[in-house]
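Proteins come first, then strands; the chains are lettered A, B, ... in the order of their sequence lines, and each starts at number 1. The figures here come from the full heavy-atom set of this structure, side chains too, leaving out hydrogens, waters and symmetry mates.
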Amino acid sequence: MVTIATWNVNSIKARFQTVHDWLARAAPDIALLQEVKCEAAAFPAEPLEDLGYNVVVAGQKAYNGVAILSKRPLAVVTDVLPGDPEDSHARYLEADIGTLRVACLYLPNGNPPGNGQWSDKFRYKLTWMDRLRQRAADLLAEDHTVIWGGDFNVIPEPEDCHDPAVWEGDALYRPETRRAFRSLLNLGLTEAYRALHHDRGAYTFWDYQGGAWQMDRGIRIDHFLLSPQAADRLVECRIDRAPRGEPKASDHTPVLVTIEGD
DNA sequence: ATGTCGATACTTTATCGA
């Protein structure tokens, strides 16, 4: 069995103790972190290595930044999402871990989407999703066993948010965004949580503002997408809500997926 | 009722991104 966690930590520096203690307790084999918000050299790798993890980081000052932690050795395949040499955001990191290809991603938020004409941010989001689709198609064509995990900034369906009316028009829920997400799934990918669960109220993010956590007004935007070979091995996918309720919490909470074999 | 959080800089308050 291999358990992989994904967690948008909203600054590894601000969240270090919380993340460290959760990793020590939950002990996933692999952890995908997003919004570490620091350059690779500033990432506090050593205390996480003391927990038994190998650490690789695609970092950037102040914004974005993704990292992969793995108890087994890992080899980075790429630290950029192919398709745009001008794109300098640290949002994608892909590595081989044993026979698995594991990708950690922080998909652009895209807000505000603009009215009438799309904003640069929303166009960037849609272009990025198109590039991700191309990357996925390429890896599937090469027959890799792939797991993409991360903050997709996509609310796939109405039941993935507390109140769809609130999210109407938002870049996380716009028809163009959901269509691009479905297009990704239509390559033959399996969204792990919905393959196993059909409950409402399964959220991974609650805004800091407006008492969203206290009122349980959340959205499900952190996902795992599995290639067919990975999906055949899917055992479990769950959301650990506990970290969102802790002091100094990230606005996201971890999601864990387990696949059989190694 | 204006009720969030984190990073940054020509910084100690304003701005941006989420």
Does a salt bridge link D216(A) with R241(A), judged by any charged N lying under 4.0 Å from a carboxylate O? yes

Distance check needed: dA18(B) P versus I219(A) CD1, whole Å only. 13 Å

Please report the distance separating the C1' of dT8(B) from the corresponding atom of dT2(B), rounded so that it comes out in whole Å. 24 Å

Can you tell me the distance, in whole Å, between the CG atom of N10(A) and the P atom of dC5(B)? 11 Å

Could you check whether Y106(A) gets within reach of a base, just the sugar-phosphate, or nothing at all, counting any heavy atom under 4.0 Å? sugar-phosphate

Got more than 12 heavy atoms from elsewhere within 6.0 Å of CG, N115(A)? no

Which whole-number value in Å describes the distance from N109(A) CG to dC16(B) P? 16 Å

How many whole angstroms separate atom CG of L107(A) from atom P of dG17(B)? 17 Å

5' precedence on DNA chain B between A249(A) and P108(A) (nearest-nucleotide basis): A249(A)

Residue R194(A) excluded, over 12 heavy atoms near CZ under 6.0 Å: yes

Give the rounded distance in Å between these two atoms: CD of Q34(A) and P of dA18(B). 14 Å

Can you tell me if R15(A) touches the phosphate of dC5(B), counting only side-chain N or O atoms and a distance under 4.0 Å to OP1 or OP2? no

Rounded to the nearest angstrom, tell me the gap between atom NZ in K248(A) and atom C1' in dC5(B). 9 Å

Within this structure, what is the CG-to-P distance between D251(A) and dA7(B), rounded to whole angstrom? 12 Å

How far, in whole Å, is dG6(B) from dT12(B) if one measures between their C1' atoms? 16 Å

Distance check, P atoms only: dC5(B) and dC10(B), in whole angstrom units. 27 Å

Considering just the side-chain nitrogens and oxygens of K13(A), establish if one lies under 4.0 Å of OP1 or OP2 belonging to dG6(B). no

Nearest-Å distance once atom C1' is located in both dA7(B) and dT11(B): 12 Å

What is the separation between atom NE2 on H252(A) and atom C1' on dG17(B), rounded to the nearest whole Å? 12 Å

Distance check: side-chain N/O of K61(A) vs OP1/OP2 of dA9(B), anything under 4.0 Å? yes

Using 4.0 Å as the upper bound for N to carboxylate O, is an ion pair formed by D120(A) and R123(A)? yes

Cationic N near anionic O, under 4.0 Å, E142(A) to R101(A): no

Using a cut-off of 4.0 Å on non-hydrogen atoms, how would the nucleic acid contact of R91(A) be classed: base, sugar-phosphate, or nothing? sugar-phosphate

Upstream residue (5' side of DNA chain B) when N153(A) and Y208(A) are each assigned their closest nucleotide: Y208(A)

